[in-house]
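Data block below; observations after.
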Amino acid sequence: GQILRKANACKITGVPAIQIVLFIFSMAFSSKSIYMEMKLHPEEASFSKDTFYRFMKSCHTNWRKFTSLLCYRIIKQTIEPLTREDRLNVLIIDDSIYSRSRSKKVELLAKVFDHAKHIYTYGFRMLTLCWSDGNTVLPVSHCLLSTENGKSRLQEASANVDARSNGGKQRKLAQTKATSVLQTLLKEAKAVEIPAKYVLFDTWFCSPISLIQIKEIGYDVIAMVKKSETIHFRYNGRMQSAPAIF
């Protein structure tokens with residue numbers, strides 16, 4: 001309840017927000033949709049499906065802050081008491097395709113390239129930030145990425161959403177470069193004091209400017225360097241490419 005209030009997820013009247021959120025969490029362990037769950041077990045939900053959809057569509061809730069604070073609480077209260085102080089904690093960043101191939105009217109729906117299947121599809125790139133101590137992995141934050149190129153977007157963001165609200169800021173972030181969103185997610189994790197020393201990611205995010213920016217935030221990086229003849233690093237007193245260093 002405290003975390004929900006800090007993330008601005010609250011209701012003025014009616015069913016408390018925590019009841020709706022707990023019901024949503026329970027749905028993760030069910031193979032049914034929200035509609036079927038309410039139809040088969042109406043006694044488990046003290047609210048209507050319209051209340052659920054209005055709550056989920058609210059532009060006031062900062063969901064990234066909610067998941068970050070929840071992750072911090074789990075780490076501090078559950079995981080840290082069970083581990084040694086010298087254990088190294090890391091943040092892991094990666095993206096995957098969130099396909100919405102049958103959708104047509106979803107806000108900021110875009111044409112994206114699936115690197116795993118090597119095809120174009122309609123949907124989003126889901127950039128996810130996780131925390132790990134080597135045994136446990138917890139999601140910290142995420143952002144659904146559209147594209148900067150307006151020609152690749154099938155739908156634009158709703159004009160009815162206030163740009164100053166959390167929903168408006170999220171829509172703006174979705175149209176930003178992934179490397180810039182990465183910096184935002186790491187700064188937010190740093191702000192809520194998620195304990196980590198290193199950031200792990202793959203070759204796609206590994207560029208000199210990203211390494212410098214992440215170092216300025218306060219993290220060291222573990223990643224595979226791109227095999228490029230145009231990017232050079234200082235090694236043994238002289239600038240060399242990654243293949244030459246290898």
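Nothing fancy with the numbering, it's 1 onward along the sequence.
- In this structure, T67 contributes its side chain and R64 its backbone to a donor-acceptor pair below 3.5 Å.
- Residues I74 and W131 form no side-chain contact, since every pair of their non-hydrogen atoms from C-beta on lies 4.5 Å or further apart.
- The side-chain heavy atoms of F124 and V106, taken from C-beta on, include a pair separated by under 4.5 Å.
- Within the 4.5 Å cutoff, the side chain of I79 has heavy atoms near those of the L138 side chain.
- Looking only at distances, no side-chain donor or acceptor of S103 sits under 3.5 Å from a matching main-chain atom of K105.
- When atom types are taken as modelled, the side chain of R87 and the backbone of D133 share a donor-acceptor pair closer than 3.5 angstrom.
- Using a 4.5 Å heavy-atom cutoff, the side chains of D50 and R54 are in contact.
- Y98 and I24 end up in different hydrophobic clusters when Ile, Leu, Val, Met, Phe, Trp and Tyr side chains are linked at under 4.5 Å.
- Each of R153, R171, Q155 was evaluated against E107; a single residue qualifies, R171, per the side chain to side chain donor-acceptor pair (under 3.5 Å) test.
- Two residues are said to be in side-chain contact when any heavy atoms from C-beta on lie closer than 4.5 Å; W204 and D94 fail this criterion.
- Counting heavy atoms from C-beta on, the side chains of E37 and S26 never come closer than 4.5 Å.
- Counting only distance, with no hydrogens or angles, the side chain of S146 and the backbone of L109 share no donor-acceptor pair below 3.5 Å.
- Under a 3.5 Å cut-off, the side chain of N62 and the backbone N or O of N166 do not form any donor-acceptor pair.
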Report the C-alpha distance between F52 and F23 in whole Å, list the side-chain angles of each, state the deciding distance to 0.1 Å, and finish with yes or no for ring-ring contact (aromatic ring centres under 6.0 Å, His included). CA-CA 10 Å; F52 166 80; F23 183 80; 7.2 Å; no
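- The two atoms that bring L91 and A196 nearest to each other are CG-CB, 3.7 Å, heavy atoms only.
- Cation-pi geometry between K49 and Y35 is not satisfied (NZ or CZ under 6.0 Å from the ring centre, within 45° of the ring normal).
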L211 and C206: CA distance, side-chain angles, deciding distance, side chain to side chain contact (heavy atoms under 4.5 Å, CB included) verdict: CA-CA 7 Å; L211 302 180; C206 190; 4.2 Å; yes
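- S58 OG to W63 CH2: the interatomic distance, rounded to the nearest 0.5 Å, is 8.5 Å.
- Here the OH atom belonging to Y72 is positioned 9.5 Å from the CG atom belonging to L69, to the nearest 0.5 angstrom.
- Of the inter-residue distances, the one linking F47 atom CZ with M38 atom CE reads 4.0 Å to the nearest 0.5 angstrom.
- When I222, L200, D220 are each tested for a side chain to side chain contact (heavy atoms under 4.5 Å, CB included) with V90, only one passes: L200.
- Rounded to the nearest 0.5 angstrom, N89 CG and I194 CD1 are separated by 10.0 Å.
- No side-chain heavy atom of D95 sits less than 4.5 Å from a side-chain heavy atom of L145.
- Two different hydrophobic clusters hold I212 and I231 under the rule that ILVMFWY side chains link at heavy-atom gaps under 4.5 Å.
- Rounding to the nearest 0.5 Å places NZ of K169 at 12.0 Å from OG1 of T184.
- The nearest pair of heavy atoms linking Y120 to K111 is CB-CE, 3.8 Å.
- Under a hydrophobic-cluster definition in which Ile, Leu, Val, Met, Phe, Trp and Tyr are linked whenever side-chain heavy atoms come within less than 4.5 Å, directly or via other members, V137 and L127 are assigned to different clusters.
- Side-chain atoms of T147 never come within 3.5 Å of backbone atoms of S152 as a donor-acceptor pair (strictly under, hydrogens ignored).
- Between T230 and S228 the shortest heavy-atom distance is OG1-OG, 2.8 Å.
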Please evaluate residues M239 and R234 with respect to the criterion side chain to side chain contact (heavy atoms under 4.5 Å, CB included), reporting the C-alpha separation (whole Å), side-chain torsions for both, the decisive distance (0.1 Å), and the verdict. CA-CA 4 Å; M239 300 298 290; R234 185 175 298 279; 3.6 Å; yes
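- By the criterion of side-chain heavy atoms lying less than 4.5 angstrom apart, applied directly or through intervening Ile, Leu, Val, Met, Phe, Trp or Tyr residues, F201 is grouped together with L129 in one hydrophobic cluster.
- In plain terms, the two heavy atoms of I217 and K190 that are nearest each other are O-CE, 3.6 Å.
- Within the 4.5 Å cutoff, side-chain heavy atoms of L185 are placed close to those of E188.
- Atoms CZ and CD1, on F113 and I97 in that order, are 9.0 Å from each other to the nearest 0.5 Å.
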